[in-house]
There are 2 protein chains.
Amino acid sequence: MTTIYIAEDQEMLNSALSAILDLEDDFEIIGNATDGQMAFQEITTLKPDIAILDIEMPNLTGLEVAQELRLNHQNIKIIILTTFARKKYFESAVASEVNAYLLKDSPTDKLVDTIHKILDGQIIYDANLVSSILTAVKNPLTAQELKIMQEFALGKNTQEIAETVFLSSGTVRNYISSILSKTGTHSRIEALNIAKKNNWI
Amino acid sequence: MTTIYIAEDQEMLNSALSAILDLEDDFEIIGNATDGQMAFQEITTLKPDIAILDIEMPNLTGLEVAQELRLNHQNIKIIILTTFARKKYFESAVASEVNAYLLKDSPTDKLVDTIHKILDGQIIYDANLVSSILTAVKNPLTAQELKIMQEFALGKNTQEIAETVFLSSGTVRNYISSILSKTGTHSRIEALNIAKKNNWI
DNA sequence: TAAAAAAGATGACAAATGTCATGTCTTTTA
DNA sequence: TAAAAGACATGACATTTGTCATCTTTTTTA
């Protein structure tokens, strides 16, 4: 019997998955949460064979939970289940040596299948995810530029950005100018739209 | 036996819900789609007793499908199932006289329960939804202001906005000034952030 | 129907934004 | 180690943005 814990903040999906997996006669759902913090605590005490983690959850993301579990040397197989094919997410997941990374854009059969495979020692990365990461327009912004973009995404003006990143406001404007040129745009809003579309932000 | 059609673009939830509802011995899932257009066509031919519609789907939204079904006088009970507690969505759903409006933030039990109740003739609006709409910060922007905000959300500059809304650029700037004052902000990006946070946009 | 409100426009101004050329220090790299 | 590349800064400039007072023309409303 394989014990499974589900952390997913969307109730409907959480309860639906719990019900379905529980139907399989070799699986047993031993707990579930809609909150990362709660999930981490329960997983460390319940020690399920498998933890299915959504990424975007309140308090602690699924990726943070995965990382903590690995730091604590918990011998638990982890499946990351998410909507987002973000490169950053994927890299973080790989760094935490998760056993599978699936998109919610695949049917439940695939989830069941994946559980069986990782119990077998396989590592499963969703093919769509991998291809979408390979085909993704790669982010041309430097770390500093990205940082500055994140600041003006919050609505800060040049001066406020300069204060938080400890640069002169002239330099900040230079960086923004560079951001606009790299994104082929002429305003902060346009640049933000491009960045969001390509998941750079 | 009650026949049910499910339109939901997230495969995982779609297949999970199908499986669960199909387990109930008085329900039968007679079809499902991950695309609004396809859903509309199949629903008109299959004529299920109940259609469960997600809102944000490719090609045709669940709200559009609902509206079309009502225009075609299809005697089908409709459940809108969505993540978003947007007032606009809700109003459109009410206008199309849907039989229920549920949030994905409720468990599957509630969905099953709701199906039984609407078969009984009841109209079900998710309590969380209703309360979040009542407590929502109401949008202080006029229709024109909102229109202009939607334009600059796309990254258009004053001149481009003026051309699309057929106003002088000076007037556009006046409207934007009014938007900023109503939102208590000093830049377009800040105003956009406020609008998004409150679901005005 | 007279008064009030709404919708749109103009002009003037200050502030913010975007662009460029240029300069100074570090770090890298060949 | 000399040359190149990076990171940060400055100043100057044109443009865009945001603010305001004022004006005209429609539409509403009392």
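Chain A is the first sequence line, chain B the second, and so forth, proteins listed ahead of strands; every chain is numbered from 1. All heavy atoms count here, side chains included; hydrogens, waters and symmetry mates do not. On a predicted model such as this, the values are computed, not experimentally measured, just so you know.
At whole-Å resolution of the value, CD1 in I161(A) and P in dC8(D) are 15 Å apart. At whole-Å resolution of the value, CD1 in I148(B) and P in dA7(C) are 11 Å apart. For the pair F166(B) CZ and dA9(C) C1', the computed distance is 17 Å after rounding to whole Å. The interatomic distance linking K147(A) (NZ) with dA7(D) (P) rounds to 16 Å, in whole Å. dC25(C) atom P lies 18 Å from atom CG of L167(A), rounded to whole Å.
Taken to the nearest 0.5 Å, the CG atom of L102(A) stands 8.0 Å off from the CD1 atom of I124(A). The line from CD1 of I30(A) to CD1 of I4(A) is 9.0 Å long, rounded to the nearest 0.5 Å.
In this model, the phosphate group of dG18(C) is approached by a side-chain N or O of R188(A) to a distance below 4.0 Å at OP1 or OP2. Checking the phosphate oxygens (OP1, OP2) of dG8(C), a side-chain nitrogen or oxygen of Q144(B) falls inside 4.0 Å.
Every residue was checked against the salt bridge (charged side-chain N to carboxylate O under 4.0 Å, His left out) condition with K88(B), not counting sequence neighbours, and none meets it.
In this structure, V130(B) and Y101(B) have side chains that are not in contact, with every pair of non-hydrogen atoms separated by 4.5 Å or more. With a 4.5 Å cut-off on side-chain heavy atoms, E56(B) and D9(B) do not count as touching.
With respect to E97(B) and K77(B), no salt bridge is recorded, no charged nitrogen being found less than 4.0 Å from a carboxylate O. In summary, R86(A) and E91(A) do not engage in a salt bridge, as defined by a charged side-chain N under 4.0 Å from a carboxylate O.
When every heavy atom of D49(B) is checked against every heavy atom of M1(B), the shortest pair comes out as OD2-O, 3.7 Å.
Comparing dA9(D), dT19(C), dA9(C) against the side chain of S168(B) picks out dA9(C) as the nearest.
For the pair T142(B) and R173(B), nearest-nucleotide mapping onto DNA chain C gives the more 5' position to T142(B).
Listed in residue order, the members of residues 150-160 of chain A having a heavy atom less than 4.0 Å from DNA chain C are N157(A), T158(A). Listed by residue number, N174(A), I176(A), S177(A), L180(A), H186(A), S187(A) are the residues of residues 174-187 of chain A with a heavy-atom contact under 4.0 Å to DNA chain C.
Between the side chains of T2(B) and D26(B), no donor-acceptor pair is found at a separation under 3.5 Å.
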